[in-house]
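One structure is given here, and the rest of the page talks about it.
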Amino acid sequence: MTPTLPLVVLALVVAGIVAHVTSPAARRWVSPAVGALGVLMLAALWYLGLFWAPPEQYMSDVGRILYVHVPHVWMALLAFTLNVGCAVAYLTKKSWVTDALAEAAAEVGVYFGAVGVLMGSIWARPTWGVWWDWDPRLISTTVMLLAYVGYLALRSFTDDPERRATWSAAAAILSYVSLPIVWFSVRWWNSLHQVQSNPSTVDKPMVAVLRWGAVTMLCFLFVFIVKRYELARSRQTAALELPPLEAPRPEAA
Amino acid sequence: MKPLTLSLWLLSAVALADVVPPPEPREAEAPSTPAPAPEVPVVTHPAGIERAGAGVIQGGWEYVYAAYGLGTAGVLAYAASLFVRRQRPSRP
């Protein structure tokens, strides 16, 4: 497999996402198709990551964990970026659609981030000798995840949908401040975690498998956000259609 | 007065004899080959940390399988949670 093959698949997935967003007629089949593609790609990722990719120079076979750990964290960062985009869009022009999409992106981002951190912990044990270290990258990632858990908790604090949407949009923008700190933490501070690599410093088969893993997780990110968005929309609709909590009492004769 | 001067002179001679070192003999020429440096003991850490970074991690497949298993289980579990929540009646 060449490093360009995952890019071709990425183009297909992005085309599917664009079709889903722009064409209501395509929504019926795009997410099931992307989900099925994700399952097939995940099965292939097991083979490619565990057996096809060469062992890393120093980490040896333990380096194979990076093909699933890094894409998970990338997807979390992507989901949080979608979340803040929807938050800004909501504050600019109030829309239940952007509010529901922000909620979906935050929850899916927390899922990918939490699994990514757990995978990082599994990788750290044989590499660093410890499951956890109070390192700038690890601390900033934990703070970022906690901020988004707080965002999701905040959404359940009020029953008023409009107030919930406004408060959580502001919280989303505040939470997003943690994201560049996470990204640059390995450069700003003396971190045990290695800095970002780029394709020119990594073997081609390793780049190919890492990209394959990223496209696989992108498929799941898309499907999860679509399904979680539908859930959020149905809850919004139910909340907006509810009668007032206290019906006005009839005037006493 | 004469015995006092004599005794002072004698005491001074004895005292100076202790303080002033005897004249050193002329140094012999330096040997052509320098003496071997004293052996520096190798500092070792009880946990063997000084050996870290010098080799390649051996094994660790159990961690690799655990990470891949966690990723797959996570996808299945989150998909199941979305499915279950979708079946529930909508709650504001």
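These values consider heavy atoms only, across backbone and side chains, with no hydrogens, waters or symmetry-generated copies. Protein chains get the first letters and strands the later ones, always in sequence-line order, with residue 1 at the start of each.
Contacts between A/Val39 and chain B at a heavy-atom distance below 4.5 Å are absent for every atom of the residue. Of the atoms belonging to B/Ala79, heavy atoms from both backbone and side chain fall under 4.5 Å from chain A. With a 4.5 Å cut-off on non-hydrogen atoms, A/Thr127 touches chain B through its backbone and its side chain both. Using a 4.5 Å cut-off between heavy atoms, A/Ile122 touches chain B through backbone and side chain atoms alike.
For A/Tyr111 against B/Gly74, the heavy-atom pair with the smallest separation is OH-C, 2.9 Å. Annotation for B/Val64 and A/Ile65: closest pair CA-CG1, 3.8 Å, computed over non-hydrogen atoms. The two residues B/Val56 and A/Ser60 have their closest heavy-atom pair at CG1-CB, 3.7 Å. Residues A/Leu50 and B/Trp61 come closest through the heavy atom pair O-CH2, 3.2 Å. The shortest heavy-atom contact between A/Leu45 and B/Tyr68 is O-CE2, 3.9 Å.
If you take CZ on A/Arg235 and CZ on B/Arg85, they are separated by 6.0 Å, rounding to the nearest 0.5 Å. For the atom pair NZ of A/Lys227 and CZ of B/Phe83, the computed distance is 10.5 Å after rounding to the nearest 0.5 Å. The distance from the CG atom of A/Asp61 to the OH atom of B/Tyr65 is 9.0 Å, given to the nearest 0.5 Å. Going from atom CG of A/Leu231 over to atom CG of B/Leu82 covers 7.0 Å, rounded to the nearest 0.5 Å.
Across A/Glu230, A/Met217, A/Met59, the residue that shares the most heavy-atom pairs under 4.5 angstrom with chain B is A/Met59.
You'll find the side chain of A/Val115 stays beyond 4.5 Å of the side chain of B/Tyr78, heavy atoms only.
Enclosure of atom CG in A/Asp160 by more than 12 non-hydrogen atoms of other residues, nucleotides or ligands within 6.0 angstrom is indicated. Atom CZ of A/Arg27 sits in a crowded spot, with more than 12 heavy atoms from other residues, nucleotides or ligands closer than 6.0 Å.
By the side-chain contact (heavy atoms from CB on, under 4.5 Å) test, A/Glu103 is found to be paired with A/Arg155, A/Arg228, A/Ala232, residues two or more places apart in sequence or in another chain being considered.
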